[in-house]
Amino acid sequence: MQTEQSRQLFQKAQTLIPGGVNSPVRACKSVACDPLFIARAEGSKIYDIDGNTFVDFLGSWGPMIMGHNPPPVVEAIKNALANGTSYGAPCPAEVELAELVCGALPSVEKVRFVSSGTEATMSAVRLARGYTGKKMIVKFDGCYHGHADSFLVKAGSGVITLGIPGSPGVPDDIVKNTISIPYNDLETLEKTLRDPKLDIACVIVEPVAGNMGVIPPKAGFHEGLRSLTKELGIVLIFDEVITGFRLAYGGAQSYYNIMPDLTCLGKIIGGGLPVGAYGGKKEIMNQIAPEGPVYQAGTLSGNPLAMAAGIATLKALSAPGFYDRLNEKAADFAKSLTDIAAKHMPATTLNRVGSMMTNFFTASPVTDFTSAMQADPAKYASFYREMLAQGIYLAPSQFEAMFISAAHSPEDLAATLEKTEWSFKKMSK
Ligand code: KE4
């Protein structure tokens, strides 16, 4: 595979942009290869600037559940574009997307749009602190909620991938208000939440962890989270930036039938354009300015193009049977992948929920950050490179998710399984 154009552009990019990328995990450091520069994407495929074609399972880290450039979304953006790109004033599309989001998520009575998942989670935590008058937050080891200061404590995604212990630049007196405990560990959670010395405003959780690789909640974990936080007057925040409109039209909260107090969204709800959102009970959301005193703002919040893309996306996702078909396709793929691994790469563990999954290069079960760390990133890196060379584009990190989209054809998936088997055989020689 020839990648000379990407190589040259990456060299130039590194003289102008830190690491040559605008988000660290894209630098592909942990899989020991240079990033490819993408020229265009369509359906299940992406095409790099050297003319190579790939079946894409990264899906832009989650947004592309319908595949790239689905016609209804392209059409909606084109129509919106004819009316301008940004007004800095309310527009009908914001109300329409808000109605779709509130209609889809059982716990969301009011929603505020922002421009990224980080803005959504950062604002939700500020709101929880403002609403409760308390200052501490509880998160889970290996979960990633974006790059706001309070979250860069034992965080997942790029922080694990690059082995950054936390992040310089985050003052200790911020970090000391963030408590991070093991995912799926109800005993530690109860001990922490009941500690009278701790002044806890909220618990923020990925209802299915996606940033230390995919880790499902253990039976009872959500229920324990919900009953403890309800009893103790602690705000429960579901960070559904990945799971929102991924697992079901109503997100993880409808998939698992749990009602959080606040929900954070991103990725899919923008159809690939920059949209984040946070929402929940009116009683809490009405604390947000200008209705209430908790301040949050954004020049491009509710951007008309992004709203149009989100509306078209959610309307397509609401089609009857969309998630049944997608999740069934993903389940069949995962079953075949597990069968291949059993034969050729037995020291792997596949975790899957719906159409998001991770194949960990470890034989032991992966249920939290510690067990995820048993996986062999070097093995994953050589698998990544073998698959890339065969035209399969995976997440460039063992600690991320692989996404199946509606655009992945039976031929795409069969070819991917064949190439997986070939890679496993080659790696096992
Ligand atoms: P953004 O600010 O990147 O839009 O969203 C932050 C965020 C919040 N919550 C969850 C559960 C997330 O997964 C994310 C972002 N996800 C990572 C990859 N898993 C984004 C990729 C990147 O950082 O480039």
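What's counted below: heavy atoms across the whole structure, side chains too, no hydrogens, waters or symmetry copies. Atoms within a ligand are numbered from 1 in the order they appear, just like the ligands themselves.
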Within 4.0 Å of some non-hydrogen atom of I242, the atoms of ligand 1 are 13 (O)

One finds that the ligand 1 atoms under 4.0 Å from a non-hydrogen atom of S23 are 22 (C), 23 (O), 24 (O)

Per-atom filter on ligand 1: closer than 4.0 angstrom to a heavy atom of E206 are 11 (C)

Query - atom 9 (N) of ligand 1 touched by protein heavy atom at under 4.0 Å - result: yes

ask   = Side-chain donor-acceptor pair under 3.5 Å between R112 and S123, yes or no?
value = no

- Side-chain donor-acceptor pair present, Y278, Q296, cut-off under 3.5 Å: yes

Q: For E400 and S397, test the side chains for any donor-to-acceptor distance below 3.5 angstrom and give the result as yes or no.
A: no

A student comparing Y144, F399, W61 should find that the heavy atom closest to atom 11 (C) of ligand 1 comes from Y144

If you compare A155, A395, G117 by their heavy atoms, the one closest to atom 4 (O) of ligand 1 turns out to be G117

In ligand 1, the atoms that come under 4.0 Å of a heavy atom of S157 are 17 (C), 18 (C), 19 (N)

Salt bridge or not for E291 and K110, using N-O below 4.0 Å?
yes

Logged contact type for T118 with ligand 1, heavy-atom cut-off 4.0 Å, is both

Exercise. Establish, yes or no, whether a centroid distance under 6.0 Å links the rings of F322 and Y249.
Key: no

Ion pair present between R226 and D261, side-chain N to carboxylate O less than 4.0 angstrom? yes

Q) Above 12 or not: heavy atoms from other molecules or residues under 6.0 Å from CD of E99? A) no

One finds that the ligand 1 atoms under 4.0 Å from a non-hydrogen atom of V241 are 7 (C), 8 (C), 9 (N), 10 (C), 12 (C), 14 (C)

One finds that the ligand 1 atoms under 4.0 Å from a non-hydrogen atom of G146 are 6 (C), 7 (C), 8 (C)

Contact region, E119 to ligand 1, non-hydrogen atoms below 4.0 Å, reads neither

